[in-house]
Number of protein chains: 2
Amino acid sequence: MIPVYLLQELVTFADKRTLAATADTLHVTQPSITRGMQKLETLLDVQLFERQPNKIWLTKTGEYAAQQAKQLLDLQADLQVKVKNFDHQQRQLMIGMTIPGPRKLLQSYSSWLNAEIDSQLLDNKNVVSTLKDHVDSVVFTNFKVLDPAVTAVFIGHENLSVNIDQFTFQANQKTITFQELRGRTFIVYSDIGPWRDLIQREIPDAKFMYQSSDALSELIAHSHYPYFTTNLPTRINGLKEAPRNRVRIPISDSQASMSIYANYLKTTQLPANLIATLKRDWPQN
Amino acid sequence: MIPVYLLQELVTFADKRTLAATADTLHVTQPSITRGMQKLETLLDVQLFERQPNKIWLTKTGEYAAQQAKQLLDLQADLQVKVKNFDHQQRQLMIGMTIPGPRKLLQSYSSWLNAEIDSQLLDNKNVVSTLKDHVDSVVFTNFKVLDPAVTAVFIGHENLSVNIDQFTFQANQKTITFQELRGRTFIVYSDIGPWRDLIQREIPDAKFMYQSSDALSELIAHSHYPYFTTNLPTRINGLKEAPRNRVRIPISDSQASMSIYANYLKTTQLPANLIATLKRDWPQN
DNA sequence: GCCAATTACGAGCTGCGTAAAAATG
DNA sequence: CATTTTTACGCAGCTCGTAATTGGC
């Protein structure tokens with residue numbers, strides 16, 4: 001069995017290329033490294049180094065061993081944080097999301113769930129690793145995570161509406177399309193995940209004024225720019241319903257409706273009624 | 001940094017479920033394990049165990065940590081053999097194959113290549129790991145290995161012929177089909193890899209007498225049963241050409257021709273002219 | 001003569017075993 | 001009373017640092 005510290009020394013040497021520098025970065029003395037590398041060679045029963053009296057360098061095998069050792073050390077480090085994360089999850093439900101919609105709804109449960117919701121949105125490509133490394137127990141996404149180790153259950157739809165000045169000629173429509181919104185300027189909350197790409201792509205010639213949460217409610221109250229909401233409770237500070245000077249009109253394009261999924265590892269046990277409760281409380285429009 | 005022996009102890013405990021048994025299997029004393037597990041807990045800064053005065057068991061986190069540790073230890077063990085293999089490959093070209101055809105041809109090179117050819121055929125599903133673990137430097141297959149880390153180069157075709165009694169009514173055909181061979185009994189060398197499945201599947205109602213190399217040449221010489229050869233030099237002991245009492249007839253079905261590939265890691269440097277030499281010397285039919 | 005690797009030697013740490021204690025059933 | 005875990009204590013081995021040695025540019 002090979003002690004880790006020898007692998008550590010090998011990896012560092014492969015980087016630093018001299019025993020002196022290796023000793024330096026590991027905060028030990030040269031002789032220590034000399035002996036360590038000698039020992040590693042006898043343990044692996046392989047020649048890792050070429051030597052000349054005051055010179056030493058890795059053989060091909062040595063390079064290979066160092067590269068393999070590095071992988072192992074990285075996994076070691078991973079193990080430590082994964083175990084820590086796992087332990088944390090045992091006491092507190094960690095919730096992530098790639099889309100802001102479910103946040104408010106989940107916050108209303110967070111006390112009886114003893115849950116903590118990530119303040120930042122996750123990137124799509126990090127969802128699986130976030131679950132597998134036990135950073136989050138469950139991640140809400142607008143797509144079905146396809147991985148043999150995770151369960152993805154459909155929760156409900158999130159449907160986009162635009163809140164438009166009541167005196168606009170479109171204000172009495174029952175629904176509206178992205179095309180019909182062309183050329184307008186919108187106030188948009190900055191951290192809206194995939195919605196951002198969507199509206200930029202689908203609404204031609206539109207301008208978007210991205211705002212933080214605080215500035216947003218101010219702007220909405222004191223301007224006539226249209227802004228977006230969905231059937232899910234908004235995050236905007238102190239803004240519950242569409243103010244009186246706006247009319248909320250659902251957007252009829254199919255892309256304006258996203259399917260929201262809850263994704264969690266097959267091996268993790270979520271609070272039994274979480275999914276059911278979410279589905280029950282899910283706002284219909 | 002976590003010493004390996006502590007992970008080893010944890011993994012063993014997760015299996016044995018008692019410190020006494022763990023100590024036993026690791027050939028140390030109980031107190032040693034007690035201290036080890038205490039130390040591991042402080043190093044990971046996580047509660048791995050529940051304790052009662054004379055009882056101890058893993059928490060959920062402990063179970064998880066043990067499972068992760070096991071993976072790590074397995075990789076440790078892998079590292080050792082991979083480095084050994086890699087080192088061996090530096091001096092000797094290791095050659096594997098899933099199909100016997102290329103063997104004789106390669107054996108004729110083996111002295112100037114300083115090569116060693118696996119005596120056993122590889123299983124298809126082990127080809128990639130055989131390469132990645134540096135057991136073999138190059139593997140010959142009858143299919144193109146599709147893996148981002150390996151190069152697969154086409155070498156040539158191996159074409160099946162049947163050697164048939166010269167007095168059979170079919171003996172003067174230029175070619176023959178599997179269908180036309182239906183119902184016959186064949187002498188077949190036992191270790192022919194994918195050819196075995198092929199002939200069993202394609203020749204209806206046929207019987208196959210599988211023989212080792214020694215018995216084979218005897219049987220061929222003293223019987224009139226048909227047997228198979230290909231354009232590649234045969235392995236059969238002391239049998240160079242079709243004996244006079246048989247006629248060699250190529251099989252015209254498309255499945256009777258296999259494409260042979262040489263597969264090797266993108267990171268490994270094969271002897272420069274090996275591939276070229278093989279292609280040059282490859283028998284045409 | 002300076003720099004890097006190696007060897008020699010002594011010291012301190014650490015993991016181990018023995019012995020003993022505590023608790024459970 | 002047997003079994004299991006834990007604590008106490010002393011020893012042995014191992015890794016480290018200091019100091020000295022060797023060889024190269």
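All chains are named by letter (A, B, ...) in the order of the sequence lines, taking the proteins before the strands, and each is independently numbered beginning at 1.
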Pairing residues for A:D74 by the salt bridge (charged side-chain N to carboxylate O under 4.0 Å, His left out) criterion, not counting sequence neighbours
A:K70
Greater than 12 external heavy atoms within 6.0 Å of A:K125's NZ:
no
Against the side chain of A:Q38, the closest entry in D:dT15, D:dT6, C:dT6 is C:dT6
Applied to residues 137-149 of chain A, the side-chain hydrogen bond (donor to acceptor under 3.5 Å, both in side chains) test, sequence neighbours excluded, yields A:Q89-A:S137, A:K132-A:D147, A:T141-A:N263
With a 4.0 Å limit, can you tell me whether B:T34 has a side-chain N or O closer than that to the phosphate oxygens OP1/OP2 of D:dT7?
no
Could you give me the CA-CA distance, side-chain angles and deciding distance for A:T12 and A:Q8, then say whether side-chain contact (heavy atoms from CB on, under 4.5 Å) is met?
CA-CA 6 Å; A:T12 310; A:Q8 181 66 265; 3.6 Å; yes
Between C:dA5 (C1') and A:R17 (CZ): distance, integer Å:
17 Å
Which residues pass the side chain to side chain contact (heavy atoms under 4.5 Å, CB included) test with B:A14, sequence neighbours left out?
B:R17, B:L58, B:A66
Taking only residues two or more places apart in sequence, or in another chain, which ones meet B:D87 in a side chain to side chain donor-acceptor pair (under 3.5 Å)?
A:T61, B:R91
Does any pair with a residue in residues 31-47 of chain B pass side-chain hydrogen bond (donor to acceptor under 3.5 Å, both in side chains), and if so which ones, sequence neighbours excluded?
A:K84-B:D45, B:E41-B:R51
Nearest-Å distance for atom pair CE/C1', residues B:M37 and D:dT7:
17 Å
Can you give me the N/O atom pairs linking the protein to nucleotides 16-20 of chain C at distances under 3.5 Å, or say none if there are none?
from   : atom 1 : to    : atom 2 : distance (Å)
C:dC16 : OP2    : B:S32 : OG     : 2.8
C:dC16 : O5'    : B:S32 : OG     : 3.2
C:dG17 : OP2    : B:T29 : N      : 2.9
C:dG17 : OP2    : B:T29 : OG1    : 2.8
C:dG17 : N7     : B:R35 : NH2    : 3.3
C:dG17 : O6     : B:R35 : NH1    : 2.8

Under the side chain to side chain contact (heavy atoms under 4.5 Å, CB included) rule, collect the residues that match up with B:N126, sequence neighbours excluded.
B:D123, B:S129, B:T130
Length of the NZ-P vector between A:K16 and C:dA4, whole Å
14 Å
Rounded to the nearest Å, what distance is computed from the CD atom of residue B:Q8 to the C1' atom of nucleotide C:dG15?
16 Å
Sequence neighbours excluded, which residues qualify as side chain to side chain contact (heavy atoms under 4.5 Å, CB included) partners of A:K82?
A:D78, A:D133, B:Y64, B:Q68
Proximity to DNA chain C (any heavy atom under 4.0 Å), residues of residues 57-70 of chain B only
none
Can you name the side chain to side chain contact (heavy atoms under 4.5 Å, CB included) partners of B:Q52, sequence neighbours left out?
B:K55, B:W57
State which residues pass side chain to side chain donor-acceptor pair (under 3.5 Å) with B:T22; sequence neighbours excluded, sorted by chain then number.
none
Please state how far atom CE in A:M1 lies from atom P in C:dG15, giving the value in whole angstrom units.
13 Å
Whole-Å gap separating C1' (C:dA5) and CZ (A:R51):
9 Å
Starting at CG of A:L26 and ending at C1' of D:dC16, how long is that distance when rounded to a whole Å?
13 Å
What nitrogen or oxygen pairs link the protein and nucleotides 21-25 of chain D at under 3.5 Å?
from   : atom 1 : to    : atom 2 : distance (Å)
D:dG23 : N2     : A:N54 : ND2    : 2.8
D:dG24 : O4'    : A:N54 : OD1    : 3.4

Over how many whole Å does the gap from A:F13 atom CZ to C:dA5 atom C1' extend?
10 Å
